[in-house]
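Since the structure comes first, as structure tokens, the remarks are kept for the end.
Just follow the structure's listing: the first ligand is 1, and inside any ligand the first atom is 1. We count residues from 1, following the sequence as given.
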Amino acid sequence: MDQENNNNNKLHVAIISSPGMGHLLPVLLLGNRLATHHPLHVTILAVSTQTSPVESQLFNSHTDSTCINLIKIPSPDISNLLQPDDTVVTQLAIMMREARTSIRSAIFAMCPRPNVLVADLFSSESLPIANEFHMQKYVYVPCNARFVALTMYLPILDKLVKGQYVDQTEPLRIPGCVPVQAKDVPDPMLDRNNRQYHEYVQMGVNFTTLCDGILLNTWRDLDRTTMDVLKTDETLRAVVKAPVYDIGPLTREADPPGLEGNKVIEWLDMQPLESVIFVSFGSGGTLSGKQITELAWGLELSGQRFVWVIRPPAGGSVKDGTFFTAGSGPYGPPDFLPEGFLDRTRDKGLIVPLWAPQVRILNHKSVGGFLTHCGLNSVYESVRGGVPMIAWPLYSEQRLNATLLIDELRVAIRPVMCPAEKEVERDEIEDMVKTLMEGEEGKKMRKNVKSLRESGNQALMINGSSYKSMCEFITRCQLKI
Ligand code: UDP
């Protein structure tokens with residue numbers, strides 16, 4: 001056993017996080033789970049731009065934690081490597097590639113040195129650093145199993161499929177898995193000529209060639225079909241090779257300190273049971289001005305109560321929140337809302353500018369529905385709150401998440417056309433909100449989501465499927481130190 005790596009035989013796991021709330025959060029959740037439920041040493045190597053105040057808040061709220069050690073790695077300057085039309089995926093891939101020197105230095109300086117290196121979605125190119133220090137190497141993908149199967153099979157699809165994926169008339173076939181419809185492919189597959197596509201194919205290559213195993217933030221009952229296939233289908237196993245561990249649902253139990261949003265909670269306290277629909281599009285999702293107007297009309301026409309986290313339209317700007325303070329009402333009417341909307345909905349709705357305490361809201365007894373962009377954290381938080389959804393996918397792998405929620409799990413409904421392709425009109429929004437909040441279908445979905453919540457809770461309990469899976473991962477690591 002390597003003495004330098006050994007500290008009272010406790011396994012020491014280092015996890016790399018790429019910048020952004022949506023990446024840091026899953027890594028913190030994994031770190032906390034490992035450190036509190038399986039006593040291990042955990043160090044998080046967080047590459048951070050800290051441009052978002054919420055990210056800094058999240059970061060700082062964990063710095064004092066005794067369970068995990070947090071090392072902040074400043075993001076490298078990549079401005080001279082970027083092209084004007086590079087997407088966030090390309091920027092992150094380049095940033096994490098350039099951060100490898102600092103990540104290596106941080107690991108080199110650690111004493112005791114970790115036994116295991118876990119890379120997140122965008123940092124898999126750092127895994128070869130683990131070889132230098134005789135560490136084991138894993139990837140952590142906080143996404144559903146279907147996304148992981150698609151990503152790992154992509155290098156093969158890249159050779160098999162001619163032309164753009166979005167132009168295929170037949171769905172994409174991955175051995176054993178439910179076929180992926182062209183309309184559901186993740187953003188990097190929308191245009192094979194864009195740099196982000198090549199970064200994504202490379203990610204698939206890294207997952208299948210560079211790691212000793214893959215951890216997934218999912219659980220057996222959520223992703224049963226694909227998890228079984230990922231573990232047992234011979235054709236897919238020939239590609240995936242490394243063991244796959246379903247260890248979720250890892251999700252937040254509270255909002256970061258300072259973001260508890262007591263005003264919203266006080267308002268919710270006064271509303272009837274399961275009567276409010278919560279509307280939010282994640283940490284950065286924005287809609288067009290026209291879509292915001294249609295959504296406002298749809299909510300108003302539905303006659304249902306709502307809490308809506310609102311941001312300026314795509315392309316608009318906000319300065320210190322002043323965008324929301326001109327005019328009357330608690331925050332003032334933004335000019336893209338229909339005239340008189342705030343007055344007419346005063347007793348039914350609450351507009352929250354920019355950010356709301358989502359975890360508290362989804363766990364509040366008055367909340368009975370969630371109109372969500374289907375980011376995975378939001379989806380799991382909704383399941384944890386026992387709240388059925390209207391799926392409104394905007395970007396990234398959200399269309400795949402939506403399909404799983406609607407077609408397999410039956411805990412969500414969605415507009416006929418994907419909102420990223422065509423603006424959803426007020427009548428359709430009105431119908432969906434009514435169906436979710438007061439229709440028979442809504443009741444069934446509420447029942448389904450509550451039993452899904454139960455299965456997620458069970459999975460994490462001692463002897464639950466995810467608990468056992470995490471123990472298998474840890475035992476495998478321990479045997480190799
Ligand atoms: N979030 C929040 N308040 C908001 C918007 C977002 O607390 O007003 C949190 C939300 O609870 C979730 C995360 O931000 O934990 C968003 O992650 P998700 O994966 O849903 O979407 P992303 O922002 O990565 O697209």
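Donor-acceptor pairing under 3.5 Å is lacking for the side chains of Glu266 and Asn262. Counting only N and O atoms by type, the side chains of Arg252 and Asn32 include no donor and acceptor under 3.5 Å apart.
Side-chain N or O atoms of Ser382 include one that pairs as donor or acceptor with a backbone N or O of Val387 at under 3.5 Å.
For atom 7 (O) of ligand 1, the nearest protein heavy atom (residue, atom name, distance) is Arg252 NH2, 3.1 Å. Of all protein heavy atoms, the one closest to atom 20 (O) of ligand 1 is Ser378 OG, 2.5 Å. Considering only non-hydrogen protein atoms, atom 15 (O) of ligand 1 sits nearest to Glu381 OE2, 2.6 Å. Here the protein heavy atom with the shortest distance to atom 2 (C) of ligand 1 is Trp355 CZ2, 3.1 Å.
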Report all side-chain donor-acceptor pairs from residues 406-422 shorter than 3.5 Å, counting only partners two or more places apart or in another chain.
residue: Glu408; atom: OE2; partner: Arg146; partner atom: NH2; Å: 2.2
residue: Arg410; atom: NH2; partner: Asp407; partner atom: O; Å: 3.4

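At most 12 non-hydrogen atoms from other residues, nucleotides or ligands lie less than 6.0 angstrom from CD of Glu425.
The heavy atom nearest to atom 21 (O) of ligand 1, considering only Gln398, Arg311, His373, is found in His373. Of the listed options Pro142, Pro353, Ala356, Ala356 places a heavy atom closest to atom 8 (O) of ligand 1. Atom 23 (O) of ligand 1 has its nearest heavy-atom neighbour, among Gly22, Ser280, Gly282, Ser283, in Ser283.
By the 3.5 Å distance cut-off applied to N or O atoms, Val309 is not counted among the residues near ligand 1.
Rounded to the nearest 0.5 Å, atoms CG (Leu362) and OH (Tyr380) are 15.0 Å apart. Here the straight-line distance linking atom CG of Leu157 with atom OG1 of Thr151 works out to 10.5 Å at 0.5 Å rounding.
Asn194 meets the side chain to side chain donor-acceptor pair (under 3.5 Å) test with no other residue; sequence neighbours excluded.
Residue Met21 has at least one heavy-atom neighbour below 4.0 Å for each of these atoms of ligand 1: 14 (O). Listed by atom number, the atoms of ligand 1 under 4.0 Å from Gly375 heavy atoms are 18 (P), 19 (O), 20 (O), 21 (O). Taking every heavy atom of Leu376 and a limit of under 4.0 angstrom, the matching atoms of ligand 1 come to 19 (O).
Under 4.0 Å from ligand 1, the heavy atoms of Tyr395 that appear belong solely to its side chain. Within the 4.0 Å heavy-atom criterion, the part of Leu25 lying near ligand 1 is the side chain and not the backbone.
With contacts defined as side-chain heavy-atom distances shorter than 4.5 Å, the pair Asn217/Tyr140 qualifies.
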